[in-house]
Amino acid sequence: MSDAVSVIRARLPNAAPKLGLILGSGLGGLVDEIESATRLPYTELPGFPHSTVSSHAAELVIGRLAGVEVAVLAGRVHAYETGEADAMAKPLATLKGLGVENLILTNAAGSLHENMGPGSLMLISDHINLSGRNPLIGVEGDQRFANMVDAYDPVWRSRAMELAKAEGVTLREGVYGWFLGPSFETPAEIRMARTLGMDAVGMSTVPETILARFHGLKVMAISSITNLGAGMTGDALSHHETKDVGATIVPQLTKLLRAVVADMAAG
Ligand code: HPA
């Protein structure tokens with residue numbers, strides 16, 4: 001058992017979350033939706049990384065969402081902060097150690113489609129990793145050859161699309177491309193990304209999905225679109241936009257997540 005798991009068990013002996021959530025840039029407001037929350041700063045959890053991004057809290061929150069016990073990683077550490085793709089290895093191993101079986105990832109992303117503009121939500125159907133990095137590098141044993149077919153669970157995806165419709169939330173589906181960052185893409189890279197079949201681009205999620213699949217967790221991931229990709233409008237890109245637009249999407253995303261979480265627990 002990892003040390004972080006022992007620390008959490010000492011604080012919350014009865015905690016048994018089956019569902020984990022990771023909240024992306026500007027989406028930390030979702031934490032306020034967690035009832036009966038116990039907040040554990042990453043600094044109190046051995047081996048947890050320190051986030052250096054201004055829009056990210058850094059705490060593990062255990063509580064209830066839509067009546068379901070959840071463990072929320074509010075604040076991710078990105079590969080661009082250290083150069084290491086396995087920055088989230090310990091938090092993911094800790095979720096697994098707590099008994100989490102299912103994981104919902106959220107992120108902020110740039111859209112590659114004019115008609116999927118800022119404020120849109122995109123369910124990730126698959127990803128493309130052109131970063132040359134992988135969080136399982138250095139892991140030993142055959143488990144490292146993690147299967148990535150249906151990495152984003154197809155049954156959950158179709159259920160999420162149905163639930164979004166029922167809730168009146170517009171949800172698109174598409175391929176997420178991981179760019180290492182932290183600089184934004186160039187317009188030429190965005191044109192390349194479109195040609196290669198990406199629908200949105202961002203700087204996170206892919207390493208966490210790989211780690212989650214390594215641990216055998218089921219994954220669902222939703223991008224909140226904060227901007228169109230570089231060069232698609234006359235505007236420069238900035239992290240302010242990511243934070244501000246991210247925050248405006250929170251009500252729609254919350255509505256969808258509540259429905260999804262309740263449905264997962266029921267079924
Ligand atoms: N590119 C990469 N990451 C992002 C973007 C983007 O345009 N928007 C939000 N996160």
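Counting starts at 1 for both ligands and their atoms, in listed order.
Residue-environment remark: CZ (Arg258) exceeds the threshold of 12 foreign heavy atoms within 6.0 Å.
Within the 4.0 Å heavy-atom cutoff, Phe184 counts among the residues contacting ligand 1.
Side-chain N or O atoms of Lys255 include one that pairs as donor or acceptor with a backbone N or O of Glu167 at under 3.5 Å. In terms of modelled atom types and a separation under 3.5 Å, the side chain of Arg133 and the main chain of Gly83 share a donor-acceptor contact.
Proximity to Thr226 (heavy-atom distance under 4.0 Å) selects the following atoms of ligand 1: 8 (N), 9 (C). Ligand-side atoms of ligand 1 in range of Asn227: 5 (C), 6 (C), 7 (O), 8 (N), 9 (C), range being under 4.0 angstrom from any heavy atom. Near Ala108, meaning under 4.0 Å from any of its heavy atoms, are these atoms of ligand 1: 9 (C), 10 (N).
Of the options Ala109, Ala200, Ser223, Gly202, the smallest heavy-atom separation from atom 3 (N) of ligand 1 is shown by Gly202. Relative to atom 1 (N) of ligand 1, the option among Glu185, Glu189, His78 with the closest non-hydrogen atom is Glu185.
By the ring pair (Phe, Tyr, Trp, His ring centres under 6.0 Å) test, Phe48 pairs with Tyr42, sequence neighbours left out.
Applying the ring-ring contact (aromatic ring centres under 6.0 Å, His included) test to residues at least two apart or on different chains, the pairs with a partner in residues 147-172 are His127-Tyr152.
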